[in-house]
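Report on the structure given below.
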Amino acid sequence: MRVLLTGGAGYIGSHTALCLLNAGYDVIVLDNLSNSSPEALRRVEKLTGKSAPLIVGDCTDRNDLKRVFETGPIDAVIHFAGFKAVGESVEKPLDYYDNNLSATIHLCEVMKEYGCHIIVFSSSATVYGTNQTMPLREDFPTGCTNPYGWTKWISERILTDAAAADRDMSVVLLRYFNPIGAHESGCIGEDPSGIPLNLMPYVCQVASGKLQRLRVFGNDYPTPDGTGVRDYIHVCDLAEGHLAALRYAAENRGTQVVNLGTGVGYSVLDIVKAFEKANDLTIPYDICPRRPGDIATCYADVQKAKEVLHWQAKRTLEDMCKDAWNWQKNNPRGYEK
Ligand code: WQD
């Protein structure tokens, strides 16, 4: 099976490429390198001894998409490409709607033109919005609090309606919770540009001395220790979830929505303590005001992933913390030469 990974040079895309190659799939990557490095794919090739060809281009450009499909038959697509910073989406909503939705629509059009019927889409738990009971289940009401989340929600709608109009189409919408960690080799990992927005990469840069202290955004949430609770999932478990989704999509038609999480919530201070214990380090932090837009608690109901995809996360919080630090300490400047 030959699979196109749009945005496949990114954090989750590169880990998924590694997983698919090791499982015997062929991959090809389309990435505009706006938030990724070709070095990630070079390292994937080195780790697997297999080829992960990269076409530099943009999913919003039909001609770039056609260049990819002209390289040879593509059996399935995993669509990672898109802008993904929540805060930035509030500042630049039109950029986010234009980029993320055009990419999804143009990709569907070109897939249909070339007879490719299978798509796995990188969605997000952010589509569940706020004021929900936990754990979050796929049939819960959805509603977003920022343009980034709405682009994921609308893309889910686009793909669902496209599949309803085309009986050959198979769509799996994967709602990620909080991916962290890195491949055990320490050769590929999360390489945020600038000051990290997300918790784990920020913790790693405090551990390496690149940043001084962690800001804990609020300790007055209705949670066990007052800090925000999230469902952190090892990026390699997430990658394996994509493999399971591909296998399901190849055997079925229509649309499935599936959470990819562990079903367990950890607070910010849980993460700090686990990271310190796993790596025998100290992470200095200050309690700061809440970050606007944050919710108190978010974690997944994982039953459907088990029943439909026959997949569940298996790596521990200790694995996530050790692997995150292993990547950081071996690559203090990410993929930069
Ligand atoms: C986790 C917890 C923060 C940084 C985001 C996106 C989501 C998805 C994953 C794309 C929260 C706290 C964080 C820091 C902190 N991305 N925190 N200090 O916000 O749950 O989800 O990334 O799909 O769409 O919204 O992840 O890592 O930013 O925050 O205290 O420096 O850590 O308040 O409780 P989040 P996060």
Side-chain angles (χ1 to χ4, degrees), residues 7 10-13 35 79-90 96 100 121-130 132 134 136 142-156 173-181 190 192 194-207 210-235 238 241-242 259-262 264-275 283-300 317 320-321 324:
Y11 171 43
I12 298 166
N35 189 26
H79 182 33
F80 294 105
F83 296 160
K84 70 172 192 89
V86 171
E88 185 185 54
S89 78
V90 175
Y96 269 68
N100 290 3
F121 175 61
S122 165
S123 190
S124 168
T126 200
V127 304
Y128 287 111
T130 56
Q132 300 266 22
M134 295 296 145
L136 292 167
T142 52
C144 303
T145 57
N146 57 75
Y148 159 76
W150 281 118
T151 68
K152 290 298 186 182
W153 189 90
I154 298 167
S155 286
E156 287 192 5
L173 307 170
L174 297 178
R175 289 177 180 168
Y176 304 166
F177 282 71
N178 288 60
I180 62 171
E190 192 168 8
I195 305 285
L197 300 172
N198 296 134
L199 178 64
M200 184 55 90
Y202 201 105
V203 166
C204 286
Q205 291 194 17
V206 170
K210 193 171 178 183
L211 295 170
Q212 298 310 308
R213 300 175 68 84
L214 171 68
R215 296 161 301 164
V216 176
F217 295 137
N219 68 343
D220 57 351
Y221 286 103
T223 62
D225 65 15
T227 62
V229 171
R230 296 291 184 276
D231 184 333
Y232 297 96
I233 175 171
H234 197 293
V235 66
L238 196 77
H242 287 74
N259 288 334
L260 291 190
T262 66
V264 179
Y266 288 109
S267 74
V268 176
L269 294 182
D270 288 334
I271 296 298
V272 170
K273 292 183 186 102
F275 189 91
I283 301 294
Y285 65 84
D286 301 306
I287 301 295
C288 299
R290 292 183 178 189
R291 180 172 65 176
D294 274 353
I295 58 176
T297 301
C298 176
Y299 58 90
L317 182 59
M320 297 180 220
C321 292

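Counting convention: from 1, in listed order, for ligands and their atoms alike.
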Logged contact type for Val268 with ligand 1, heavy-atom cut-off 4.0 Å, is side chain

Ring centres under 6.0 angstrom apart (Tyr232, Tyr266): no

Among all protein heavy atoms, pick the one closest to atom 34 (O) of ligand 1 and tell me residue, atom and distance. Gly228 CA, 3.6 Å

State whether Arg215 and Asp286 are salt-bridged, where the test is any N-O pair (Lys NZ or Arg NE/NH1/NH2 against Asp/Glu carboxylate O) under 4.0 Å. no

When the ring planes of Phe80 and His242 are compared, do they come out parallel, tilted or perpendicular, using 30° and 60° as the limits? tilted

Return the CD to OG distance between Glu156 and Ser123, rounded to the nearest 0.5 Å. 3.5 Å

Run the numbers for me: atoms of ligand 1, each under 4.0 Å from some heavy atom of Leu197, listed by number. 4 (C), 28 (O)

Under 3.5 Å, N or O to N or O, is Val229 touching ligand 1 that way? no

To check your reading of the model: name the closest protein heavy atom to atom 9 (C) of ligand 1, its residue, and the distance in Å. Asn178 ND2, 4.0 Å

Give me the residue, atom name and distance of the protein heavy atom closest to atom 33 (O) of ligand 1. Asp294 OD2, 2.6 Å

What heavy-atom pair brings Ser122 and Lys152 nearest, and what distance separates the two atoms? O-NZ, 2.6 Å

Under the salt bridge (charged side-chain N to carboxylate O under 4.0 Å, His left out) test, residues paired with Arg291 that sit two or more places apart: Asp294

Considering all heavy atoms, the nearest Gly181-Val235 contact: O-CG1, 3.6 Å

With sequence neighbours left out, write down each residue that passes side chain to side chain donor-acceptor pair (under 3.5 Å) with Arg230, or none if nothing qualifies. none

Non-hydrogen atoms of Tyr221 versus ligand 1: any pair closer than 4.0 Å? no

Is it the case that atom CZ in Phe217 sees more than 12 heavy atoms from other parts of the structure closer than 6.0 Å? yes

Just checking, any donor-acceptor pair under 3.5 angstrom between side chains of Ser267 and Asp225? yes

Just heavy atoms, cut-off under 4.0 Å: does Ile271 contact ligand 1 by side chain, backbone, both, or neither? neither

Is it the case that ligand 1 has an N or O less than 3.5 angstrom from some N or O of Leu199? yes

For ligand 1, which atoms have a heavy atom of Ser124 less than 4.0 angstrom away? 23 (O), 24 (O)

Apply the test side-chain hydrogen bond (donor to acceptor under 3.5 Å, both in side chains) to residues Asp231 and Thr262: give CA-CA distance (whole Å), side-chain angles for both, the deciding distance (0.1 Å), then the verdict. CA-CA 6 Å; Asp231 184 333; Thr262 66; 2.8 Å; yes

Tell me: protein heavy atom nearest atom 19 (O) of ligand 1, and distance? Arg291 NH2, 2.9 Å

Tyr148 heavy atoms within 4.0 Å reach ligand 1 at atoms 10 (C), 23 (O), 24 (O)

Considering only the protein, which heavy-atom contact is closest to atom 18 (N) of ligand 1, and what is its distance? Arg215 O, 2.7 Å

Arg230 to ligand 1: N or O pair under 3.5 Å? yes

Check contact between Tyr232 and ligand 1, using heavy atoms of the residue and a distance below 4.0 angstrom. yes

Could an N or O of ligand 1 be found under 3.5 Å from any N or O of Asn198, whether backbone or side chain? yes

At under 4.0 Å between heavy atoms, is it the side chain or the backbone of Tyr176 that contacts ligand 1, or both, or neither? neither

Taking every non-hydrogen atom, the tightest pair across Ala85 and Tyr148: O-CB, 4.4 Å

Have a look at Tyr266, Phe177, Tyr285, Phe217 and point out the one with the heavy atom closest to atom 17 (N) of ligand 1. Phe217

To which of Val216, Ile12, Val86 does the heavy atom nearest atom 25 (O) of ligand 1 belong? Val86

